[in-house]
Amino acid sequence: MTVVRAGRTEPLQELEAVLNVQHLLDDGGKNWLHHIERVGSSTTLTAAFGLHCPTGYEPEVKEISAILAELAYLAAPTASITNFLPFLDLIPGPMPWRIRAQAFRKRDDAIYEKLIDHAMRRNKSGMDTWTATFVGEDKPEGDQRRLMRQFAGGAIETTTTSLQTFVLACISYPEWISIAQKEIDDVVGLDRLPSFKDRPFLPYIEAIVRARLGVPHLSTDEDMIEYNGREYFIPKGSIIFAVTWAMEHDQSKFEDHDRFMPERFLDSE
């Protein structure tokens with residue numbers, strides 16, 4: 001696909017958007033959830049590995065979806081006793097949690113190594129993917145390969161979740177849809193679809209897509225932070241969760257916080 005260029009995904013995103021609209025029109029939106037999942041998977045896999053997924057039923061998409069679902073389960077506090085008592089992992093031998101983690105790692109390694117090899121082969125024929133760019137200059141220990149795997153999984157999950165949240169906002173608070181449609185009609189017209197070139201002229205649409213995602217992060221070094229006059233020490237290697245619910249329910253910043261109101265994200269003077 002000639003639309004794939006490392007670091008330049010706008011043409012790819014526009015292609016996937018058009019294909020998604022076509023799928024929705026073909027079945028009247030009956031399988032809208034599958035179409036959304038396909039967009040997230042295909043956009044990421046094409047940009048990262050040069051693997052376009054026009055149907056969403058490709059074996060690679062199914063395998064990655066299953067891996068992401070298992071990862072979400074394994075990350076839950078109740079999935080394993082070591083998730084809330086990590087010192088138990090010091091127990092030697094084939095413990096149940098270790099056996100399952102090793103099996104997951106083996107399955108995860110298999111699919112992503114297959115995708116990386118696919119990307120490197122496609123690079124020889126002229127396809128410039130993110131994997132070919134980064135892995136081509138990889139270190140002996142394979143740091144860039146690991147990075148690409150983490151990127152792909154995270155991108156698929158967050159893209160799909162953002163699109164699902166958008167649909168939920170349309171259903172729960174439909175009053176803003178007519179405002180967004182009018183802005184698109186006034187700027188873009190009725191004879192073509194919006195493109196990234198229109199983005200600077202669509203401030204309301206820009207406000208809609210400003211999402212807030214809360215995902216855990218790992219501290220790379222020890223740190224000391226101050227909050228409400230008290231200091232807190234964060235050790236290196238700590239898992240940090242941003243409490244987005246508390247941030248978004250701050251009445252001083254988000255009045256009527258439970259409503260979907262794109263205008264609150266419009267830039268003010």
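- Taking the six-membered ring for Trp and the full ring otherwise, the centers of Trp176 and Tyr204 sit at least 6.0 Å from each other.
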### Query
Which is it for His35 and Asn31 under the side-chain contact (heavy atoms from CB on, under 4.5 Å) test, yes or no, and what are the steps along the way?
CA-CA 6 Å; His35 299 324; Asn31 295 314; 3.9 Å; yes
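- Side-chain contact between Gln164 and Leu33: present, with at least one pair of heavy atoms (C-beta onward) separated by less than 4.5 Å.
- How far CD1 of Ile99 is from CD of Gln102: 7.5 Å, rounded to the nearest 0.5 Å.
- For Asp198 and Arg192, the salt-bridge test passes: some basic side-chain N is under 4.0 Å from an acidic carboxylate O.
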### Query
side-chain contact (heavy atoms from CB on, under 4.5 Å) between Glu60 and Cys53: does it pass, once the steps are laid out?
CA-CA 9 Å; Glu60 294 84 359; Cys53 306; 5.8 Å; no
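- Here the options are Arg107, Arg105, Arg149, Lys106, the test is salt bridge (Lys or Arg N to Asp or Glu O under 4.0 Å), and the partner is Glu113; only Arg149 passes.
- In this structure, the separation between NZ on Lys182 and CG on Asp185 is 8.5 Å, given to the nearest 0.5 Å.
- Listed here is the closest heavy atom pair of Ile156 and Ser41: CG2-OG, 3.7 Å.
- When all heavy atoms are compared, the tightest approach of Ser42 to Glu16 is OG-OE2, 2.6 Å.
- Counting heavy atoms from C-beta outward, Thr9 and Thr43 have side chains that stay 4.5 Å or more apart.
- Following chains of ILVMFWY side-chain contacts shorter than 4.5 Å, one cannot reach Trp97 starting from Leu74, and the two form parts of different hydrophobic clusters.
- Side-chain contact between Ile205 and Ile208: present, with at least one pair of heavy atoms (C-beta onward) separated by less than 4.5 Å.
- Annotation: side chain of Leu19 is not in contact with side chain of Leu15 (no heavy-atom distance under 4.5 Å).
- The pair Glu10-Lys197 fails the salt-bridge criterion, with no side-chain N (NZ, NE, NH1 or NH2) lying under 4.0 Å from an Asp/Glu carboxylate O.
- With values rounded to the nearest 0.5 angstrom, Asn83 atom CG is found 11.0 Å from Leu88 atom CG.
- Remark: side-chain polar atoms of Ser172 are not paired, donor with acceptor, to backbone N or O of Ala169 under 3.5 angstrom.
- Between the OG atom of Ser65 and the CD atom of Glu58 there is a distance of 10.5 Å, given to the nearest 0.5 Å.
- With contacts defined as side-chain heavy-atom distances shorter than 4.5 Å, the pair Asp27/Trp32 does not qualify.
- By the rule that hydrophobic residues join a cluster once side-chain heavy atoms approach within less than 4.5 Å of another member, Leu193 and Phe166 end up as members of separate clusters.
- The closest side-chain heavy-atom distance from Thr129 to Phe49 is not below 4.5 Å.
- Residues Phe87 and Ile91 share a hydrophobic cluster, clusters being chains of Ile/Leu/Val/Met/Phe/Trp/Tyr side chains in contact below 4.5 Å.
- The closest side-chain heavy-atom distance from Val39 to Leu163 is below 4.5 Å.
- Counting all heavy atoms, side chain and backbone alike, His118 lies closest to Gly50 at NE2-O, 3.5 Å.
- Here the closest non-hydrogen pair linking Leu71 and Phe104 is CB-CZ, 3.8 Å.
- The CD1 atom of Ile234 lies 5.5 Å from the CG atom of Asp223; values are rounded to the nearest 0.5 Å.
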### Task
Test side-chain contact (heavy atoms from CB on, under 4.5 Å) on Phe233 and Glu231 and set out the steps.
CA-CA 7 Å; Phe233 175 68; Glu231 289 189 337; over 6 Å; no
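- Two residues are said to be in side-chain contact when any heavy atoms from C-beta on lie closer than 4.5 Å; Tyr57 and Lys62 meet this criterion.
- By the rule that hydrophobic residues join a cluster once side-chain heavy atoms approach within less than 4.5 Å of another member, Leu202 and Phe196 end up as members of separate clusters.
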### Task
Kindly indicate, with the supporting measurements, whether the criterion side-chain contact (heavy atoms from CB on, under 4.5 Å) is fulfilled by Asp89 and Arg98.
CA-CA 8 Å; Asp89 199 36; Arg98 186 172 296 123; 3.1 Å; yes
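- Leu90 and Met95 are assigned to two separate hydrophobic clusters, defined by single-linkage of ILVMFWY side chains at heavy-atom distances under 4.5 Å.
- Nearest heavy-atom pair across Pro194 and Ile184 is CG-CG2, 3.8 Å.
- Here Ile177 contributes atom CD1 and Cys170 contributes atom SG; the two are 4.0 Å apart, rounded to the nearest 0.5 Å.
- Of all non-hydrogen atoms in Ala48 and Met148, the two that sit nearest each other are CB-CE, 3.9 Å.
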